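All chains are named by letter (A, B, ...) in the order of the sequence lines, taking the proteins before the strands, and each is independently numbered beginning at 1. What you see is a predicted model, and the numbers here were worked out from it, not measured in a lab.
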2 protein chains.
Amino acid sequence: MGSRELKKAGLKATLPRIKILEILGSNDVRHMSAEDVYKALLESGDDVGVATVYRVLTQFEAAGLISRHHFEGGHSVFEMNEGEHHDHILCVKCGRVDEFLDETIEKRQHALAKERGYAMTDHSLYIYGVCAACQKEQ
Amino acid sequence: MGSRELKKAGLKATLPRIKILEILGSNDVRHMSAEDVYKALLESGDDVGVATVYRVLTQFEAAGLISRHHFEGGHSVFEMNEGEHHDHILCVKCGRVDEFLDETIEKRQHALAKERGYAMTDHSLYIYGVCAACQKEQ
DNA sequence: AACCAAATGCAAACAATTCTCATTACGATT
DNA sequence: AATCGTAATGAGAATTGTTTGCATTTGGTT
Ligand SMILES: [Mn+2]
Ligand SMILES: [Mn+2]
Ligand SMILES: [Zn+2]
Ligand SMILES: [Zn+2]
């Protein structure tokens with residue numbers, strides 16, 4: 001279980017934290033909202049409060065265990081940090097999410113920031129469109 | 001005044017709509033939240049309800065008069081549609097906003113979407129960093 | 001001037017997230 | 001293994017940003 005990771009991240013290994021780490025780790029669904037995580041906890045019979053879910057997700061993010069995205073529609077979406085940084089392409093019809101990493105774009109971003117005198121710290125890029133499957137159906 | 005633009009957009013030229021168009025048009029601040037617009041209205045002595053501000057902004061967006069962005073922090077930010085499409089670079093210290101348009105990135109986005117079978121409809125790209133001025137101080 | 005659908009203002013309703021605070025559970029220490 | 005202090009939790013109230021319902025105006029057309 002995730003007690004190891006938690007301690008390594010300087011976090012007490014509590015039941016809610018272990019469970020949430022498990023849920024995000026099960027590569028069942030990679031991108032989950034706080035609500036999704038909360039529901040998954042309830043379904044697996046674990047009684048964790050919403051407040052705790054939000055607190056833990058924020059802590060995990062601060063600890064670098066997960067990252068937070070802002071997909072169109074407002075609320076935050078989280079995913080386990082494993083593998084490289086990447087950006088997202090989303091289907092506006094069915095909500096499907098694909099990931100990609102493009103060196104050309106990554107480099108251009110840094111160059112653009114530099115040109116304008118900024119010390120770049122981060123970026124977020126989302127491409128929206130209609131996925132192959134959704135294009136077919138009518 | 002903006003009666004012309006409003007009618008051309010198929011919208012009744014009402015007082016609230018004219019005022020809001022004026023506020024967004026005065027290139028005083030280019031990027032404003034609904035709250036910003038609401039406050040600007042109050043300050044200029046115009047009594048418009050928040051609900052109307054939100055409704056009008058949504059209508060303006062649908063009519064293509066303005067566009068909506070989601071800067072980090074969640075809530076929507078609007079800006080008048082004039083000139084080309086562009087993306088944004090934001091200072092995480094002072095909130096400064098700069099604009100840019102990079103053909104290389106624009107093209108790569110289309111290519112990436114295509115590669116993955118998506119019919120791209122839109123995209124959003126934000127670069128975050130510390131602006132020149134904020135780097136200097138301390 | 002009269003009329004009507006469309007637009008407005010107000011307040012209540014919402015959704016996502018955060019805060020408050022009394023209670024509980026890690027995990028370090030006897 | 002029992003004890004203890006602190007950090008973490010759960011329940012619910014509170015916030016924030018935004019939307020909705022509805023009675024009342026208003027713009028534009030006759
Ligand atoms: Mn991802
Ligand atoms: Mn802009
Ligand atoms: Zn799809
Ligand atoms: Zn700055």
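- Distance check, rounded to the nearest 0.5 Å: NZ of A:Lys107 to CD1 of B:Ile105 gives 12.5 Å.
- The CZ atom of A:Phe60 sits 12 Å away from the C1' atom of D:dA8 (whole-angstrom rounding).
- A straight line from CZ of A:Arg4 to C1' of C:dG27 spans 15 Å, rounded to a whole angstrom.
- B:Arg17 has its CZ atom 11 Å from the P atom of C:dG9, to the nearest Å.
- If you take CD of B:Glu61 and P of D:dT18, they are 12 Å apart, rounded to a whole angstrom.
- Among the nucleotides C:dG9, D:dG28, D:dT9, the one closest to the side chain of B:Pro16 is C:dG9.
- Checking D:dG10, C:dG9, D:dG27 against the side-chain heavy atoms of B:Val48 singles out C:dG9 as nearest.
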Please test A:His70 against A:His88 for ring pair (Phe, Tyr, Trp, His ring centres under 6.0 Å), starting from the C-alpha separation and ending with a verdict.
-> CA-CA 11 Å; A:His70 297 283; A:His88 300 89; over 10 Å; no

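- Between B:Arg116 and A:Asp98 there is no salt bridge, since no side-chain N of the basic residue sits under 4.0 Å from a carboxylate O of the acidic one.
- Considering all non-hydrogen atoms of both residues, A:Asn81 and A:Ser67 come closest at OD1-OG, 2.9 Å.
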A correct 5'-to-3' footprint of nucleotides 17-23 of chain C, with B, S and - meaning base, sugar-phosphate only and no protein heavy atom under 4.0 Å, is BBBB---

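- At whole-Å resolution of the value, CG in A:Leu21 and C1' in D:dA8 are 16 Å apart.
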Verdict with reasoning, A:Glu115 to A:His110, per side chain to side chain donor-acceptor pair (under 3.5 Å) = CA-CA 9 Å; A:Glu115 279 173 24; A:His110 277 279; over 6 Å; no

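- Atom OH of A:Tyr38 and atom P of C:dA16 are 14 Å apart (whole Å).
- Contact check for B:Arg17 versus B:Phe60: side-chain heavy atoms found under the 4.5 Å cut-off.
- When the nearest nucleotides of DNA chain D are assigned to B:Leu15 and A:Val56 by heavy-atom distance, the more 5′-ward of the two goes with A:Val56.
- The two residues A:Ala40 and A:Ile23 come nearest to each other via the heavy atoms CB-CD1, 3.8 Å.
- Atom CG in B:Asp46 sits about 13 Å away from atom P in C:dT8, given to the nearest Å.
- In this entry the distance linking CG of B:Asp36 with C1' of D:dT18 reads 15 Å, nearest Å.
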